[in-house]
Each structure stands twice: as structure tokens, then as C-alpha cells.
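Structure record follows, encoded as C-alpha cells.
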Amino acid sequence: MFHVGGARTALFNWLFVRRHGGTFVLRIEDTDNTRNHPEWTDMIYRSFEWLGLDWDDTYPQSRNLDAHRETALKLHADGHTYYCDCTPDALQKRKAAASIKTPGYDSFCSDRDLSAAPGRALRFRVPEQGTLTRADVIRGTTDIDVSTIEDFVILRGDGSPLYLLANAHDDVLDGITHVSRSAEHLSNTEKQILLRRAMGHQEPVWAHVPMIVNEKGKKLSKRHDKVALEDYRDEGYISEAMLNYLATLGWSPPSEYADEQASLDTMTQAFAFEDVTSSSAQFDVKKLASFNGDYIRRMSTEAYLERSFTWLRTTVVDRIAPLLQERAERLPDTFAMVDFLVHADPVMDLDSWQSVMAKDPPASIAMLEAASAAYADADLAWTASALKEATEAAGASLGLKLNKAQAPVRVAVAGRRVGPPLFESLELLGRMRTLARVERALDRLRPA
RNA sequence: GCCCCCAUCGUCUAGUGGCCUAGGACACCACCCUUUCAAGGUGGCGGCACGGGUUCGAAUCCCGUUGGGGGUGCCA
């Protein structure tokens, strides 16, 4: 999954680097071992490729792990850190007892002079008082009272580095001059400044770009919003339009360009962090769609055809072709069998609706509700086999065998009784679209 | 709670003290074009959160209020 917000930040960074002839390094921040998957990293690369953002170099942050530890130890030798064996629990109790309400760690171990031992984390000793100036090209300058900054951990109890340390180290190593990231990182900046100073380095130029938020004004979340770039790609948005739309979220080309629709080249000539807005932006799919339509219309017919067929193959047909082939008698059957995967909504076959749904609405409703509940479970892996099990179980709870249980789901989702195997189809269709279609069928079934 | 951030049409934005009767884009509405639907054209609806300052003059600067958001992890 590659987050659209990440894509926008990446774009701004790329634009800046390309404009000023810098080097674009794609550093994969993988310091948390528990949340690393090779496929995720691969997805990031493929997303960059799709967007057309190239990189000069790339490496996983874990490559520098030894250097991170060394740096931490050096910091320790210089008296900038101390070891800590507090558990979150103990900390909480202590703070409750003393009714301390300031957030973060209470510096309990600060003067205990603990030595290194397994399970002991290494904390950075933040000065007790003083102010620190945080300068940001997008947000301006703020004086921060350092007493509000907690002594933060830079090495876990198992000796592994945290990203604050790893980033500060690698940024120096890579000669990073500008750090631009999402505004949610704003409050990490002070810590990083402190860390870099302790390491004896100057700070870079900071640029915290506004967050992208949903209709409710909250930051886009994987759970509630459609945030995966690949999903937009699979729905037929083209990368140029996506890139251009993303850029308008917080930035607009200077007035001499007169048009918010601008190519990557044009944006590269014009982009500056100073021009980025400081307030968060709502992601508006309708405007994206409008941009997308404009871009499609501007293509040559040849390019349009090429892109459309490529999309059809790669996102739909390729993934299910053998299953279609088994059932096909003539070539157009291929498309008749996948049309429900292509259309925003399935075309409802009346016969199918009558014979499956309308015959016994309460039973259909019960089954669809059971299926819907099962599919909505975030723990359910969205794979054909897991979906089969879930559907089987949902049917069993109503005393239905799988062949009966699957029928209403199939009609709700595909609009027809016949077609390619259901669970492979659901997997392709995705959780969001499946749930939406089941919901729509339920609306239609329920008495008004 | 504490720290921090933000505040121009429903949404994205232009605006950096007079060019603002606040401009553009998406969405919406109407009309035109049109065998349909789009596209296109024309027009319309609609906004500086509020209250105080500063100034000859404030959307623009300052303060406060209100509202929204982020952080508050041995995640990134």
C-alpha cells in the first residue's frame, strides 16, 4: 500500500530535487522490524514507477544499522544519553501518583546512571530548560520551550535504533539539505534538531507539508478512507492526472502559468516549498476525476486505446484469464464475464434478481447480512480461499450449503447467476467495492 | 490535560496593506450546441470564522475568542 499523502510528499520532494539539480535518494525507512515486508517495499518502488518519479539511489535504512548504534554509543559517551529500564506501566503509575499531566517520559532514570543491559533503552537527555528555534519554510519560525520535550528513546531495549536516531544519522550521511515531510511530523522536529546538535551537525531546512484529510477533516486513514495509490490506478486514474491533482493539494503553479493543470516538466520549473500552503487539504475524488477526464481527452486516440487496453489487461483480465478461458465459447465471452469488474456498478440481470433474490427476500437479506458482516471483518484476509471459508461459515450459520449461500452474494456483486468463480472475483473486486455492492442489494431488498 | 499547527466560496486554491465590488478550478444550477450521453460554450449560485486593535486604508499585520486538526509510542 502506498498512501496518496506519501505520494504527494514524494512528488514535492522530487520536484524540488529535480528543479535544483540535486540527488533524489529513495531511502526505505525500515527501522521497525516488526512492520516490514518485502512486498510493501516493492509496492513503493512500483508506485514511484507508475507515477514516473525516478530516483538516483535507493537503499534500506537498516543497511546503516551498525552505524546507528555506534552513533548512539558515541552520544552516550558524550553524556547526551542515559539508560532506562522503566516500563510504560511503571511510568504511568508514577505519573498518576504524582499527578503529572505533562506528556511523555518523566526523566526518572536520568540520574540513576544505569549501565547498558539487555532490556534497557537508551534515552536522549533533553536539556531541562531553554528555548530552541524551529524554522520551517512553510510554517515559519517558532520558539519551543525545551522543557516540554521529553527524554526520548533512541535505542530500544534490544539495542535497535529508532527512526529519530536513524534519520538524523542518515540525513547527515546522505548530505540531506532539505527535509520535507508531512506536517504530522512537525513535533518530531525539535527532537531531531537536538539530536543533530548533539551529533555536532547543522540542521537542514525544514518544510512540513500540510496533511491530506478526508471529508471530516481528519487525516486520511487506511481504515476509513481510500488512500492506496494502487486502488486509484486500478480504478482507471492515470498517473499524470493523479500527479497533477496531488500537486494542487497545497500548491499551485505561479500565476504566470495561468492553469492549475500542468505537466511534470512545468511543475518542475516552478515548484518551491515557500509557495506551499500551510493548511491541510481535503482529497476530492471528483476533482481528480475531472482532471483525469481532461488528461484522457488530450491524448491521441492511439494513446487512449493503448492505455485503456493495457488497463483492462493488467488490472482485470490477466488476473483471472484461465478461469475465463475454461468457460468461454466465443471471444466476446471474455468481456461479458468480467464486465462487472470493470463497471462502477454491476448491470443487474432481471432474471437473476427474480430467481435468486426476489423469490425469498428475507432469506436473501439474512444471507447478505451475514456475508457482509463476515467480509467487513478487518481480520479477514481478502483472498479467494479465506473468502470461501467466510462465506461457507456465514451460510452454515443459516443452515445453507455453499451452493445456496453464494447465490445472493453473486447476484449482488456480479448482477448475474452465472460467471467466473465467485471468490476469485471478489478478491479482484476488493473489499470496498464488494461491501458497497452487497449493501446496495440489501437496500433494494429491504421493504421501503 | 499538555505541546504544536491551521483558519478565503461545499471542496482545492489566487491573494503578502490600496489593483478586491475577493480571481480561478472542481462540484452544483440554467441556457446554448446537439439524434442520446459526454465534451464544449455562455451565464448563475456561493467565501475572507468572530471580536478587538494598528493604519488614511486590512482577506492581507498584531492580540484575543471560537472552531478544526496533529502530536503526546522502546511506530514511522
Side-chain angles (χ1 to χ4, degrees), chain A residues 3 5-6 8-9 27-36 40 61 83-88 91-92 95-96 99-105 118-124 134 136 138-140 142-167 181-192 208-220 244-262 274-294 296-298:
Chain A
H3 196 285
R8 205 262 319 248
T9 309
R27 187 171 74 209
I28 306 296
E29 305 197 333
D30 58 349
T31 47
D32 186 352
N33 250 324
T34 64
R35 307 206 295 184
N36 269 320
W40 295 356
Q61 190 155 44
Y83 283 96
C84 167
D85 63 359
C86 296
T87 61
L91 171 63
Q92 207 176 28
K95 284 172 72 173
S99 55
I100 297 172
K101 285 186 180 136
T102 41
Y105 187 61
R120 288 182 184 168
L122 190 65
R123 283 188 187 273
F124 186 83
R134 184 181 70 200
D136 185 293
I138 297 173
R139 273 147 218 289
T142 312
D143 288 331
I144 308 285
D145 178 356
V146 298
S147 69
T148 62
I149 307 171
E150 66 168 326
D151 288 352
F152 53 94
V153 174
I154 60 171
L155 238 39
R156 294 185 182 86
D158 65 2
S160 62
L162 272 97
Y163 84 106
L164 237 22
L165 200 225
N167 276 10
R181 31 118 85 164
S182 163
E184 63 194 304
H185 289 287
L186 195 59
S187 45
N188 292 147
T189 309
E190 301 82 279
K191 294 177 182 173
Q192 250 154 339
H208 286 89
V209 306
M211 287 186 302
I212 299 180
V213 299
N214 61 23
E215 322 70 49
K216 295 201 174 98
K218 314 241 188 214
K219 68 174 182 172
L220 287 183
N244 194 161
Y245 173 67
L246 248 18
T248 68
L249 262 26
W251 182 75
S252 61
S255 44
E256 62 263 32
Y257 290 91
D259 194 346
E260 60 178 350
Q261 290 194 7
E274 287 77 4
D275 297 331
V276 174
T277 325
S278 45
S279 54
S280 34
Q282 274 188 38
F283 192 89
D284 180 8
V285 195
K286 283 191 170 165
K287 187 153 178 178
L288 202 215
S290 168
F291 269 44
N292 207 60
D294 288 341
I296 286 177
R297 268 174 248 115
R298 280 199 291 264

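So that the names make sense, note that chain A is the first sequence line, chain B the second, and so on, each numbered from 1.
- Residue Thr31(A) is in sugar-phosphate contact alone, with no base atom involved, counting any heavy-atom pair closer than 4.0 Å across all strands shown.
- Residue contacts for Ala121(A): at a heavy-atom cut-off of 4.0 Å it reaches a base atom on one of the strands shown.
- Ring planes of Phe152(A) and Phe124(A): parallel class, angle under 30° (limits at 30 and 60°).
- Among the nucleotides A39(B), C12(B), C3(B), the one closest to any side-chain atom of Thr148(A) is C3(B).
- Within 4.0 Å of Asp30(A), counting heavy atoms only, lies no atom of the nucleic acid at all.
- Side-chain atoms of Leu162(A) lie closest to C74(B) of the nucleotides U13(B), G71(B), C74(B).
- When the salt bridge (Lys or Arg N to Asp or Glu O under 4.0 Å) test is applied to Asp275(A), no partner is found at least two apart in sequence or on another chain.
- Side-chain N/O atoms of Lys219(A) include one lying less than 4.0 angstrom from OP1 or OP2 on G71(B).
- Applying the salt bridge (charged side-chain N to carboxylate O under 4.0 Å, His left out) definition to pairs two or more places apart or across chains, those involving residues 147-158 of chain A are Glu150(A)-Lys191(A).
- Here the side chain of Arg35(A) is nearest to one of C75(B), A27(B), G70(B), namely C75(B).
- Evaluation of the side chain to side chain contact (heavy atoms under 4.5 Å, CB included) rule for Ser182(A) yields Glu184(A), His185(A), Met211(A) as partners, not counting sequence neighbours.
- The side chain of Arg156(A) lies closest to C75(B) when the candidates are G71(B), A25(B), C75(B).
- Within the nucleic acid shown, Gly157(A) comes within 4.0 Å of at least one base atom, counting heavy atoms only.
- In this model, a side-chain donor or acceptor of Lys287(A) finds a partner on the base of A25(B) within 3.5 Å.
- Among pairs with a residue in residues 276-287 of chain A, those fulfilling side-chain hydrogen bond (donor to acceptor under 3.5 Å, both in side chains) read Glu260(A)-Lys287(A), at least two apart in sequence or across chains.
- The side chain of Phe291(A) has A25(B) as its nearest neighbour among A14(B), A25(B), A39(B).
- Contact annotation for Gly119(A): base contact, defined as any heavy-atom pair under 4.0 Å involving a base atom.
- Scanning for salt bridge (Lys or Arg N to Asp or Glu O under 4.0 Å) contacts around Asp145(A) gives an empty result, with sequence neighbours left out.
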Would you mind building the protein contact string for nucleotides 4-10 of chain B? One character per nucleotide, 5' to 3', B for base within reach (heavy atoms under 4.0 Å), S for sugar-phosphate only, - for untouched. SSSS---
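- Nearest-nucleotide mapping onto RNA chain B: of Leu249(A) and Ser290(A), the residue sitting toward the 5' end is Leu249(A).
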